[in-house]
Amino acid sequence: MPKINENYLNLKESYLFSEINHRVAEYTKQNPDKKVIRLGIGDVTRPLGDAIIKGLHEGVDAMASAGTFKGYGPEQGYEFLRSAVASYYAGHNISIDPSDIFISDGAKSDTGNITDIFGNDNVILIPDPVYPVYVDSNIMCGRKITYMSATAENDFLPLPDKNVHADLIYLCSPNNPTGAVYSYDQLKAWVDYALENEAVILFDAAYEAFISDSTLPRSIYAVEGAKKCAIEFCSLSKTAGFTGTRCGYTIVPKELVFKSSDGREVSLNALWNRRQTTKFNGTSYIIQKGAAAVFTEEGMAQCMENISYYKENARIICDVFAKKGIRYFGGEHSPYVWFECPGGMDSWTFFDYLLNNAQVVGTPGAGFGENGKNYFRLTGFGTRENTIEAMERIDKLI
Ligand code: MLT
């Protein structure tokens with residue numbers, strides 16, 4: 001009989017968004033005539049920009065002729081896309097070596113898989129609340145997690161505590177779910193702490209394209225010294241609408257070198273490369289052709305148009321809470337609006353209340369951590385019509 005990985009038994013029964021889907025499916029089965037509006041999972045609704053579609057078509061056409069056909073590509077991603085990502089960073093005055101960039105099928109996979117290159121006896125620091133993949137993927141390896149509280153009192157932006165030592169620190173800015181964004185000085189405090197503790201920051205920048213204030217850092221590498229202590233994950237899901245097409249990237253600077261227990265110098269870039277070449281055969285050429293188009297002037301302008309659309313949705317959501325006197329956060333440099341559940345309800349109770357009485361689906365804050373238990377998240381990624389209708393229903397209900 002095989003021994004199962006019993007760490008899985010310590011997970012909640014289902015992943016947050018699977019549980020939501022399950023409850024919504026149950027409701028629609030019982031109420032087939034009701035129009036349910038989904039503002040739960042952060043899934044985009046705008047079609048891909050024309051430039052991206054053209055890039056994808058070029059990729060498809062290349063597959064049709066023997067001379068341009070592509071089989072297995074480099075596991076790390078094609079050079080043309082790694083260079084395009086590096087140029088994107090250069091446009092924000094950050095120099096990244098293309099060979100430090102690993103193309104993947106999205107930040108969810110990479111933030112989950114990064115556990116492979118670290119030992120299980122590290123002290124892991126994770127904000128509460130935050131994107132559940134960080135917690136679940138560490139529970140799967142049986143790791144002990146130390147949580148840092150993100151609350152309204154610290155603007156949902158926990159800062160390092162010099163009395164707590166950590167080896168691995170997960171940060172997400174703009175934050176999922178709260179929409180909070182670290183300032184340069186706050187990120188610098190984290191980089192200083194990581195360097196002092198010889199720790200690694202695992203920085204999730206999936207929502208960086210939503211930052212519209214040029215003084216706010218879009219990357220951990222905006223802070224000097226970060227290449228010695230940080231890995232950055234990013235995704236085209238939210239930047240360019242790739243939730244269905246799947247493409248992301250992870251930056252593992254070669255400056256990240258640590259000692260093994262027998263005193264050898266080990267490069268995290270080399271370890272991640274070893275991991276990816278063993279377990280991953282690369283993102284499809286067609287998708288990478290589409291992704292490269294994101295980083296052209298035309299492609300990026302089309303992406304930013306979609307992002308403005310989603311941000312306008314977030315503003316529509318915020319306006320209703322402002323009118324109602326409900327305390328809310330985010331929605332400015334983020335597609336997410338995070339608010340206090342009205343009437344002191346806990347977040348799953350409010351989820352059911354909203355679904356049953358307004359047929360609107362959101363995400364209960366409890367799914368992101370204990371500190372989210374009285375909060376709720378709505379996303380600006382819906383269509384304009386649905387966002388307006390959902391907020392009219394919520395306005396009437398609460
Ligand atoms: C979310 O809704 O939190 C995200 O869309 C989930 C994800 O990106 O995996």
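Counting convention: from 1, in listed order, for ligands and their atoms alike. As the structure is a computational prediction, the values presented were derived from the model and not from experiment. Just so you know, residue 1 is the first one in the sequence shown, and it goes up from there.
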Under 4.0 Å to a heavy atom of [X] - the qualifying atoms of ligand 1, by number:
X: I41; answer: 2 (O), 5 (O)
X: Y131; answer: 6 (C), 7 (C), 8 (O), 9 (O)
X: N176; answer: 1 (C), 3 (O)
X: F17; answer: 1 (C), 2 (O), 3 (O), 6 (C)
X: G42; answer: 1 (C), 2 (O), 5 (O)

- Task: Please determine if R377 forms a cation-pi arrangement with F368, meaning its NZ or CZ atom is less than 6.0 Å from the six-membered ring centre and no more than 45° off the ring axis.
- Result: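 Relative to the ring axis of F368, which defines the angle, R377 lies outside at least one limit.
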- Message: Quick test of your reading of the model: are D192 and K188 salt-bridged, counting only N-O distances below 4.0 Å?
- Response: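 Result for this pair is yes, salt bridge flagged.
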- So which heavy atom on A86 is nearest to which on I101, and how close?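 Of all heavy-atom pairs spanning A86 and I101, the closest is N-CD1, 3.7 Å.
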- Item | Smallest separation among heavy atoms of S260 and V266, with atom names |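 For S260 and V266, the tightest heavy-atom pair comes out as CB-CG2, 3.9 Å.
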- At under 4.0 Å between heavy atoms, which part of Y336 makes contact with ligand 1: side chain, backbone, both or neither?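 It is the side chain that touches ligand 1; the backbone stays farther off.
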- Message: For D43, which part has a heavy atom under 4.0 Å from ligand 1: side chain, backbone, both, or neither?
- Response: neither
- Any side-chain donor paired with an acceptor under 3.5 Å for T111 and D204?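 No - no donor-acceptor pair under 3.5 Å links their side chains.
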- How about N371 and T151: does a side-chain donor come under 3.5 Å of a side-chain acceptor? no
- Task: Compute the shortest N/O to N/O distance between R377 and ligand 1 and return yes if it is under 3.5 Å, no if not.
- Result: yes
- Looking only at distances, please establish whether an N/O atom of ligand 1 is found under 3.5 Å from an N/O atom of K238.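 For ligand 1, there is an N or O atom that lies under 3.5 Å from one belonging to K238.
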- Quick check: does any side chain N or O of D155 sit under 3.5 Å from a backbone N or O of L157, one acting as donor and the other as acceptor?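 Side chain of D155 to backbone of L157: no pair is present.
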